[in-house]
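Report on the structure given below.
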2 protein chains.
Amino acid sequence: MPEKTNNTKYNYGEKIRTIREKKQMTLKEVALKAEVSESLVSQIERNKVSPAIDTLLRLADVLEIDLEYLFQDYKKKKKINLVKAGERNKIINQGILYEQLSKTIDDDKEHAIEAYYLEIAPDMEKGSKEYGHRGRELGIIIEGKGEFIIGGEKFDLEKGDSISFESDVPHILRNKGQKTLKAYWMVTPPKKAFGN
Amino acid sequence: MPEKTNNTKYNYGEKIRTIREKKQMTLKEVALKAEVSESLVSQIERNKVSPAIDTLLRLADVLEIDLEYLFQDYKKKKKINLVKAGERNKIINQGILYEQLSKTIDDDKEHAIEAYYLEIAPDMEKGSKEYGHRGRELGIIIEGKGEFIIGGEKFDLEKGDSISFESDVPHILRNKGQKTLKAYWMVTPPKKAFGN
DNA sequence: ATATATATTAAAGTAACTTAAGTATTACTA
DNA sequence: TAGTAATACTTAAGTTACTTTAATATATAT
């Protein structure tokens, strides 16, 4: 009869144990600081239980790690990702041209930077309705005149201007000129970095 | 007698409820997809319980949010950072011109993207000096011809090419043309380290 | 008013968590 | 070479609390 184990996917138990051992701390020591029982830490590290989030937060605090670390995929390969100018993947969505500057590998979006070259026709706009996506965006205007509205503020953007902001604040980029608005646009980290 | 509530610090319950309502999903719908009871979701959203991490992961998945979002501090100011074309901070270092595309605010290491406009004179090169710099970089060639050497591989770069890679792999960008090599360059700062 | 849908509450269940005892390893002493 | 003690970790049983089932409330609509 097989033993019960949880979360083979992330295996955060082993990660916790590894970190604890690197720090040369004992179960007792960690348990004491986290104000939980020594036994519980042992069980968590061996994936015997699915701890309460409060418990996990306390352990992460004691071990000085981000929760994110425990749930990130380690299949990540340090791939070098070259996209030639003529081979950009192009997407047209609602009157806006997106050219991908980093390849999207099929089964994942593991790029720490998602980058696009954008073309927005006159009077068209690019909006966002992302909730809870922690991250930051940065745009660089290459050509044309734009209007950027974010969190009640309005900015006029011209060639060479660059703007960066938190992704989860609703924002709109609108072409206010006569010509096509061209820009580079970057998002980091990509959406859905972990937790799926 | 005051009601029992957990996690006043992060208040992820309210966040979950807010996101669910924005997505116009019902408790039942979320519960069904996450394979937990409707009742439990209700209790979690009102901070009545400290859910198991597995439960929380399922909810995050259904709502398409990062766990991290639920536990980030909201004291962070979501600063909007506009740099006008003519007002870029310029740095010249070893024959290379760097123009900052995002302002560096003193106490703030929170910029997820550090961006530069680069100009490299013929035969000059830009190397990576910093070791253990975790994170990712992305470059876009605007003009000129370059040679990019990373981890034993060599790439020829031309106008419009973009390349991204892990920062901690030693790399060199060299101008191999007759004209000035122009590029945009982006760096994501490292996350909180662990164990070292 | 009846029905339907959404959210909360109460109870019973099950699993996380604690306490306490157990094993194993290491170290010290005779 | 034991023999004892101390340390680190695991296991077992009891307690707490998360989770579910089912009932109740509340609003909206037919």
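Residue numbering restarts at 1 for every chain, and letters A, B, ... go by the order of the sequence lines.
- Regarding A:Asn47, its CG atom lies at a distance of 17 Å from the P atom of C:dA15, rounded to whole Å.
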Intermediate values then yes/no, side chain to side chain contact (heavy atoms under 4.5 Å, CB included), A:Met25 and A:Val62: CA-CA 10 Å; A:Met25 298 175 76; A:Val62 169; 4.1 Å; yes

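- A cation-pi contact links B:Lys15 to B:Tyr69, judged by a cut-off of 6.0 Å to the six-membered ring centre and 45° from its axis.
- Rounded to an integer number of Å, the gap from A:Asp54 CG to D:dA17 C1' is 12 Å.
- Between the CD atom of B:Glu21 and the P atom of C:dT6 there is a distance of 13 Å, given to the nearest Å.
- Contacts of A:Glu38 classified as side chain to side chain contact (heavy atoms under 4.5 Å, CB included), with partners at least two apart in sequence or in another chain: A:Leu27, A:Lys28, A:Ala31.
- Scanning residues 27-40 of chain B for heavy-atom distances under 4.0 Å to DNA chain C yields B:Leu27, B:Glu38, B:Ser39.
- Remark: side-chain polar atoms of B:Arg17 are not paired, donor with acceptor, to backbone N or O of B:Tyr12 under 3.5 angstrom.
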Tell me which donor-acceptor pairs under 3.5 Å the side chains of residues 146-154 of chain B have, and how far apart each pair is, sequence neighbours excluded?
from: B:Glu147; atom 1: OE1; to: B:Arg174; atom 2: NH1; distance (Å): 3.0

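- Not counting sequence neighbours, B:Asn175 has no partner by the side chain to side chain donor-acceptor pair (under 3.5 Å) test.
- Regarding B:Gln43, its CD atom lies at a distance of 9 Å from the C1' atom of C:dT8, rounded to whole Å.
- Residues satisfying the side chain to side chain donor-acceptor pair (under 3.5 Å) criterion with B:Ser39, sequence neighbours excluded, are B:Gln43.
- Ring geometry for A:Trp185 versus A:Phe165: interplanar angle of 30 to 60°, hence tilted.
- Judged purely by distance below 3.5 Å, without hydrogens or angles, the side chains of A:Tyr98 and A:Gln100 never pair a donor atom with an acceptor atom.
- Here B:Arg58 does not reach the OP1 or OP2 of D:dT19: none of its side-chain N or O atoms lies under 4.0 Å away.
- Nucleotide C:dA16 holds its P atom 13 Å from the CD1 atom of B:Ile53, rounded to whole Å.
- Counting only heavy atoms from C-beta on, B:Arg46 has its side chain closest to C:dT9 among C:dT9, C:dC17, D:dC9.
- Applying the 4.0 Å criterion to OP1 and OP2 of C:dA16, one finds that A:Thr55 has every side-chain N and O outside that range.
- Within the structure, a side-chain polar atom (N or O) of A:Arg20 is placed less than 4.0 Å from OP1 or OP2 of D:dC9.
- The C1' atoms of five pairs define one axis at each end of the helix from C:dA1-D:dT30 to C:dA12-D:dT19, and these two axes lie 10° apart (to 10°).
- Distance, A:Lys48 NZ to C:dT14 P: 21 Å, rounded to whole Å.
- If you measure from atom CD1 of B:Ile44 to atom P of D:dC18, you get 10 Å, rounded to the nearest angstrom.
- For B:Ala52 and B:Glu45, each mapped to the nucleotide of DNA chain C holding its nearest heavy atom, the one lying further toward the 5' end belongs to B:Glu45.
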